[in-house]
Amino acid sequence: MPHLVDAHLNPEQLQAVNTISGPLLIIAGAGSGKTRVVTMRIAHMLETGIPQNAILALTFTNKAAREMAYRIRDLTGKKLTSLTVSTFHAFGVNILKESIRHLGYRENFTIYDTTDQISLIKETAREIKFHLESAELSKLVNLFSAVKTGRTDWSSVNEHFRSLYEEYQIHLKLYNAVDFDDLIQLPIRILEGFPDVLAGYRERYRYLLVDEFQDTSKNQYRLMKLLADGARNICAVGDDDQSIYSWRGANYDNIVQFERDYPELLEIKLEQNYRSTGTILAAANGVISHNRNRKHKELWTGIESGKPVELFFPENEQAESEFVARMIKNLAQRENIRYEQIGVLMRTNSLSRTVEEAFLSMNLPYKMSGGTSFYERKEVKDLISYLRVMANPDDDMSLLRVLNTPRRGIGRRSLEQIVALAERRRESLYSAISALCHAAASPLPDRNKADLSSFLEIIEKYQPLFLEKRKKLAAHLKELVSEIDYWGHLVQEFQKNDKIAKWKYRNIEYFIQSLEQWEKDPDNANPSLYTFLNRITLQSRDDLADEDDRGKVNLMTIHAAKGLEFDIVFLLGVEEGIIPHARALDESEENIEEERRLFYVAITRAKEKLYLSSCRRRKIMREVLECTPSPFIEEIPAELVEIREDEDPVDVAEAEDYFARIRSTLAGRD
DNA sequence: GTTCCGTTTTTTTTT
DNA sequence: AAAACGGAAC
């Protein structure tokens, strides 16, 4: 294997790359070259003649999956059309597409995201007259998820919600819809209940790899184990110190369970860090050593110690953002750092707002990954709901959304009657509407009947068009948008602010354009409406803009930054209550360890230089509050930190910026 | 019965 | 600051 010899792998890495069969656990510390090892290992497997389609690599985010597939392709120089690199959830969708009939659903099922789940819970509560406090709602989503995935059972929680949960489940099935948890749960039920289906998968996928293993939930582990127990060639790669998804059911115990389930496994620890300077690594080690619940490991680096960690105390969040923006401009000018090598990280999405404003006003190009997804914007979601109704008319939640959007005069009263009828006949709203419109003696006045019919006609007209496979989805959607006069709807809804209306319409155009791009892509094997819809609900966050990422500063949450690295990292809002987050702590004091891991992940993203900033005051909701620096700051060994407290760093930066500008103007003249 | 307007509430992280 | 909800106007 010529490239592997050339690759300068350390002995542990080499062993990991060369161990292809049998169970393997790789504990890979931050920056220990994990991605390199994983991709080379797969390349090596291919070189030894293992067919592409026998390999299944599972990741957590689409970004990670794409990145891995890309790196393997790059390494082997091959196209690799039948290699499966996919997220757990996307893989679940594939199993469901093949076999969901076994469970009594139809293949055109709709996937509900969290927003849809919340509306469904509300709707269900209304129907069974279950009184809900609005504060309970988001907790309920978590509770239902915990129940569904077996993290909790009813005996240990408030039994009170049980009937609501059961009704929620009944509705999902009635709508032919599944939620995110079902994407793991239902495949498990299929594989456990139908041995021949399981045998098929085991026969095909003889080599499994699970990345970010510390973030697998109990169910994902169960799914993985079902698939792996045929050939038992299973490689799990992870780092317990980077486990930051326990709130989503990720379970550190899976590492222990893995050792128990595969006693013959080989365990390899990668402890040499190739990413960060000695200072940054020492800071990270100092922090993480305060966690009690961890596997012992000591990361070390051969890289020299480098520059100190710099700590700033800006007056408020505006000053913080402006400071970062100026600092970045300076770095770009004086040290020739490229924007895409800079990461600006924060604990919560809401902190990004001020930063974006500052960057915008200073003309600093950036890209925010995470935040409200493009697909969650109302106008886009409206169109998606139309498409979902075309794909699966029984999807009541989507139907409710578009039934009176744009306004068609179908109000509460009509709706009540439709809902009552659907309830009585135990069928979907669509069927009920259809029945109401076609019945000779209708209980509705003629006017309402006409309104409903006009809606029905639109669906009936477009449904067959959207289901044909002629790569004309975008064209049909364009037509639909003009037929329902969505533009007129926007103008009417935003009479006072036509800028907003225009902006929203541009989003619509952008959405249609991205659909067109997707369906016209020659590499796209199956450009059907179903595939498109499934794809975008799973994609929800990051993604989209691919090519033009270069030359932009990366703005993101710490969660979104996992697996990435930057020359320079700014971590904002390092304040008590933000990191560790107050809500996490009042849920349970034990969460402090996970918050600390989050802080650790943020630090270890930096290769050369780390800046921390902790505001003295910050506006939270609409109050300005005094802030205390995060207790984690003190866990960094003091000698590594340089505090910029007194002098006003903004002025310094401004002065430098000023001179730099003069210099470059003069340079430009001759 | 439907729409409009003013009041209240909300922000942890993601598939 | 924006969305979602509930009550009053049309």
Side-chain angles (χ1 to χ4, degrees), chain A residues 58-65 86-93 111-115 117-119 122 126 132-135 137-139 141-142 145 149 178-184 212 215-217 219-220 243-250 345-354 357 369-373 376-378 404 407-417 444-445 447-448 451 492-493 495-497 500 534-543 556-562 573 577-587 591 594-595 597-598 601-602 619-622:
Chain A
L58 294 171
T59 63
F60 284 82
T61 61
N62 298 299
K63 208 192 238 166
S86 149
T87 63
F88 265 100
H89 289 84
F91 187 68
V93 172
I111 302 169
Y112 279 3
D113 63 22
T114 314
T115 327
Q117 274 185 65
I118 291 178
S119 348
K122 270 188 211 161
R126 197 171 314 168
L132 270 186
E133 302 286 326
S134 61
L137 257 175
S138 55
K139 281 187 191 151
V141 175
N142 290 332
S145 167
T149 58
V178 299
D179 61 22
F180 279 139
D181 291 318
D182 285 331
L183 295 181
I184 310 297
E212 307 284 12
D215 288 330
T216 40
S217 63
N219 287 303
Q220 286 167 328
S243 161
I244 54 177
Y245 284 95
S246 68
W247 48 275
R248 212 175 75 191
L345 311 187
M346 49 219 124
R347 171 71 237 262
T348 66
N349 280 307
S350 56
L351 298 185
S352 75
R353 190 187 201 116
T354 334
E357 277 165 17
S369 31
T372 348
S373 147
E376 270 161 37
R377 296 192 177 142
K378 277 169 285 28
N404 203 28
R407 295 188 195 286
R408 297 191 174 83
I410 305 171
R412 202 182 62 205
R413 199 56 231 217
S414 312
L415 196 57
E416 268 169 17
Q417 295 201 33
L444 287 175
R447 173 134 173 241
N448 291 339
D451 292 334
Q492 204 216 336
E493 294 287 298
Q495 290 165 7
K496 287 165 202 145
N497 196 338
I500 295 187
N534 290 344
R535 182 170 169 274
I536 60 179
T537 32
L538 288 183
Q539 224 180 23
S540 48
R541 304 271 161 181
D542 61 304
D543 300 318
M556 61 185 83
T557 63
I558 302 174
H559 283 90
K562 194 160 69 139
I578 294 186
I579 182 163
H581 200 276
R583 301 247 321 210
L585 290 190
D586 57 45
E587 211 171 76
N591 284 339
E594 173 140 328
E595 295 292 307
R597 287 193 293 268
L598 219 32
V601 167
K619 196 161 150 192
I620 293 170
M621 294 212 225
R622 51 177 181 271

Problem set entry | A/I536 CD1 to B/dT15 P, straight-line distance once rounded to whole Å | 15 Å

Problem set entry | A/Q220 and A/S217: side chain donor to acceptor below 3.5 Å | yes

Exercise. Does B/dT12 have a Watson-Crick or wobble partner in any strand here, with both distances under 3.5 angstrom, and which is it?
Worked result: none

For this session: Take atom CG of A/L345 and atom C1' of B/dT13, then tell me their distance rounded to the nearest Å.
Result: 14 Å

Problem set entry | B/dT12 OP1/OP2 closer than 4.0 Å to side-chain N/O of A/R347 | no

For this session: Ignoring backbone atoms, test whether A/S414 places a side-chain nitrogen or oxygen under 4.0 Å from the OP1 or OP2 oxygen of B/dT2.
Result: yes

For this session: Would you please confirm or rule out a distance under 4.0 Å between OP1 or OP2 of B/dT12 and any side-chain N or O of A/T557?
Result: no

Problem set entry | Spacing between A/M346 atom CE and B/dT13 atom P, to the nearest angstrom | 11 Å

For this session: Could you check how far CG of A/L415 sits from P of B/dT3, rounded to whole Å?
Result: 12 Å

Exercise. Among side-chain atoms of A/S145 and A/D181, is any donor-acceptor pair under 3.5 angstrom?
Worked result: yes

Problem set entry | Heavy-atom pair with the smallest gap, counting every atom of A/E594 and A/S246 | OE1-OG, 2.6 Å

Problem set entry | Side chain proximity check, A/M556 to A/M346, heavy atoms < 4.5 angstrom | no

Exercise. Ignoring hydrogens and angles, does a donor from either the side chain of A/H89 or the base of B/dT15 sit under 3.5 Å from an acceptor on the other?
Worked result: yes

For this session: Between B/dT14, B/dT11, B/dC4, spot the one nearest the side chain of A/R407, thanks.
Result: B/dC4

Exercise. Counting side-chain heavy atoms from CB outward, which of B/dT12, C/dC5, B/dT2 is closest to A/K122?
Worked result: C/dC5

Exercise. Do the ring planes of A/F88 and A/F60 sit parallel (below 30°), tilted (30 to 60°) or perpendicular (above 60°)?
Worked result: tilted

Exercise. Among B/dT13, B/dT15, C/dA2, which is the nearest nucleotide to the side chain of A/R353?
Worked result: C/dA2

Exercise. Is the phosphate of B/dT13, meaning OP1 or OP2, less than 4.0 Å from a side-chain N or O of A/N349?
Worked result: yes

Exercise. In whole angstrom, what separates A/K562's NZ from B/dT15's P?
Worked result: 11 Å

Exercise. Could you state the NE2-P distance from A/H559 to B/dT13, rounded to the nearest angstrom?
Worked result: 9 Å

For this session: Would you kindly compare A/Q117 and A/H581 by the position of their nearest DNA chain B nucleotide and give the one closer to the 5′ end?
Result: A/H581

For this session: Quickly work out the A/N404 CG to B/dT2 C1' distance and round it to whole Å.
Result: 9 Å

For this session: Look at the side chain of A/T348 and decide which nucleotide, out of B/dT15, B/dT11, B/dT13, has an atom nearest to it.
Result: B/dT13

For this session: Determine which nucleotide pairs with B/dG6, using a 3.5 Å limit on both distances of a Watson-Crick or G-U wobble pair.
Result: C/dC5

For this session: Let me know the distance between CG of A/N142 and C1' of B/dT13, rounded to the nearest Å.
Result: 11 Å

For this session: Look at all strands and tell whether A/F88 reaches a base, only sugar-phosphate, or nothing, counting heavy atoms closer than 4.0 Å.
Result: nothing

Exercise. Distance from A/S243 atom OG to A/E212 atom CD, nearest 0.5 Å?
Worked result: 10.0 Å

